[in-house]
Amino acid sequence: MERFRYTFCPDEIFLQTEVVNSCFKERMFNPGDQFRSCMREIDWERGNPYVWRDGDTEELKRSDRLFARKFSARYMGVVNDIKDWVMSQE
């Protein structure tokens, strides 16, 4: 709590901070590729960053990343589709 108390966007760094301070660090970090090392699917070509929309579900499912950025309440269909897909993988 002390580390994130005065952070502007703690939700964007919390999980990554926990992982890098865990035994999983060596299995996830790729110092040669900053985008791969954060394991987030971020599309800087179509936006700043691109907001994932309904219809982008298959692209996100094909990704080898654990996280994605950026979502909006305006396009909750893609969020719900990914959630349902993840839940069905159990």
Side-chain angles (χ1 to χ4, degrees):
M1 291 300 291
E2 189 63 29
R3 175 174 283 154
F4 299 106
R5 174 178 270 173
Y6 301 107
T7 305
F8 180 67
C9 295
D11 60 314
E12 294 204 7
I13 63 169
F14 171 74
L15 187 56
Q16 292 84 348
T17 300
E18 290 300 307
V19 170
V20 81
N21 289 307
S22 76
C23 62
F24 298 107
K25 177 183 176 181
E26 298 303 319
R27 295 178 25 195
M28 294 190 68
F29 186 69
N30 182 344
D33 183 345
Q34 67 174 330
F35 294 110
R36 180 145 183 79
S37 67
C38 71
M39 293 301 288
R40 291 189 295 173
E41 187 66 44
I42 304 171
D43 186 340
W44 293 102
E45 299 294 321
R46 293 182 283 181
N48 195 22
Y50 175 72
V51 177
W52 299 104
R53 293 169 169 76
D54 301 344
D56 291 330
T57 303
E58 292 304 316
E59 181 178 353
L60 289 167
K61 285 169 45 176
R62 286 190 303 270
S63 171
D64 63 348
R65 310 299 166 90
L66 295 175
F67 312 101
R69 179 172 188 239
K70 174 177 187 176
F71 295 96
S72 167
R74 185 174 179 187
Y75 304 108
M76 288 303 292
V78 66
V79 173
N80 292 325
D81 288 347
I82 293 295
K83 178 187 66 89
D84 292 344
W85 177 71
V86 168
M87 296 302 288
S88 74
Q89 301 301 304
E90 294 179 3

Are Trp85 and Phe71 linked, directly or through other ILVMFWY residues, by side chains that come within less than 4.5 angstrom of each other?
yes
Between Asp56 and Val78, the two heavy atoms sitting closest are C-CG2, 4.3 Å
Review point. Counting heavy atoms not belonging to Glu18, are there more than 12 under 6.0 Å from its CD?
Key: yes
**Request:** Establish whether Leu60 and Tyr50 are linked, either directly or via other cluster members, by ILVMFWY side-chain heavy-atom contacts under 4.5 Å.
**Result:** yes
Those residues at least two apart in sequence (or on a different chain) that pass side-chain contact (heavy atoms from CB on, under 4.5 Å) with Asn80 are Met76, Lys83
Between Ile42 and Pro49, the two heavy atoms sitting closest are CG2-CB, 3.7 Å
Short side-chain to backbone donor-acceptor contact, Asp81 and Thr57, under 3.5 Å:
no
Q: Answer with yes or no whether the hydrophobic clustering places Trp52 together with Val79; edges join I, L, V, M, F, W, Y residues whose side-chain heavy atoms lie under 4.5 Å apart.
A: yes
CZ of Arg40 to OG of Ser63, rounded to nearest 0.5 Å, is 12.5 Å
Ring pair (Phe, Tyr, Trp, His ring centres under 6.0 Å) filter on Tyr75, not counting sequence neighbours, yields none
